[in-house]
> 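Please see the structure below; I have some questions.
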Amino acid sequence: MTSLFRLLDLYRTMRRIRTFEEHVGELYVRQLSAGSMLHLSIGEEGAAAGVCAAMQPQDSFTTHHRGHGIFLARGADPNRMMAEIGGKAAGYCKGKGGSMHIADMTLGHLGANAIVGGGIPLVVGAGLSYKRHRKNAISVAFFGDGAMQQGILYESMNMAALWDLPVLFVCINNQYGMGTRIDKATRSTDFGQRAKALGLNARMTNGEDVEEVYEAAQQLTDAARGGRPGFMSVSCFRFYGHGRMDKSPYRSPEEEEAGRRRDPVALARRRLLERHLTTEQELKSLDDSIVEEMRKSIEYTENAAEPQPSAMFQDVYADSQPAPEPLARRLERVLAQGQRRH
Ligand SMILES: Cc1ncc(C[n+]2csc(CCOP(=O)(O)OP(=O)(O)O)c2C)c(N)n1
């Protein structure tokens, strides 16, 4: 059992993630978000909160298309995150990354990646660098169960095991890759066995129970820091569709109802009350303050400035590279060359 402060902390993190996601969904529906897709992690908060609580400030990580919660749990500022998703200049990537491409080196976020499995090999590189420079840091890859069927995961786990890298692979198994249920994608759902076969430490955890996730992550991050890479699978349920507009026609209302009963936020709340660690009143005022925080992040985003066209190529190419020629000018040049030839 974790301490009072730890469980309360985990609850606060999960509640902030859920409330952020509810608000970012509102941003999307009001057509204030940049880009056409938005992937919410409601139901998966136990994975983000539990693993990130076991990480240290100097550690790095990568995420994929469903990474808002992980970045928040690592200490991201909701205003800058919301502004990024809104495509505003005040966002983490000055509005050029959006929901699926947020990165921030100051918080160790090596990048969100829209390619399933694309963020996994980066942590092997980061881990190799930490090992060579004797830095007391680990790098953690967060990905979905869809990535368990991608070859890059096995190349990455193999190298990490072979070179004893300070790396942790975290599969957030929300049971679905887009509209395909995991048992329709593989016969082998004991993912831990696959990682063990390559020589990694491996644990399968229940994402409804954030304390269980935290305790397993603590053991695995400690071992990884000592040069024994690890893998953990966190089983949970994606409460809503793959993207914000997906109505999940591929699963029944009964399955959704049963899945939503596996609610990590509700379970942590119940435990806090059952163990008399806090009161209903205190939790209500905590929840209210979080709603207010996230409401303000929407307001912040609505009032934030649009990026300037002149900033389009900043932070995209190395400073030493000339800015690319504008498309219109290039077309004119190419067409003029063609006319001269005839
Ligand atoms: C290599 C690759 N294949 C297919 C896609 C299309 N795609 C985007 S998200 C997704 C589902 C991924 O499922 P999972 O990895 O379990 O993550 P989840 O959406 O459940 O968080 C797919 C197939 C992609 N982005 N990249």
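In each ligand, atom 1 is the first atom listed, and ligand 1 is the first ligand listed. One is the number of the first residue; the rest follow in order along the sequence.
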> Below 4.5 Å, heavy atoms only, C-beta onward: do Asp104 and Phe71 meet side chain to side chain?
yes
> What residues, two or more places apart in sequence or in another chain, satisfy salt bridge (Lys or Arg N to Asp or Glu O under 4.0 Å) together with Glu306?
none
> Identify, chain by chain and in numerical order, each protein residue with a heavy atom under 4.0 Å from an atom of ligand 1.
His65, Arg66, Ala114, Ile115, Val116, Gly144, Asp145, Gly146, Ala147, Gln150, Asn174, Tyr176, Gly177, Met178, His242
> With sequence neighbours left out, which residue pairs that include part of residues 117-132 fulfil the side chain to side chain donor-acceptor pair (under 3.5 Å) condition?
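Non-adjacent pairs meeting side chain to side chain donor-acceptor pair (under 3.5 Å): Ser60-Tyr130.
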> Sorted by first residue and then second, give each ring pair (Phe, Tyr, Trp, His ring centres under 6.0 Å) pair with at least one member in residues 292-331; sequence neighbours left out.
none
> Inspect the surroundings of CZ in Arg330 and state if more than 12 heavy atoms from other residues, nucleotides or ligands are less than 6.0 Å away.
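No.
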> Please name the residue in the list Asp222, Thr221, Leu220 that meets the side chain to side chain contact (heavy atoms under 4.5 Å, CB included) test with Ile138.
Thr221
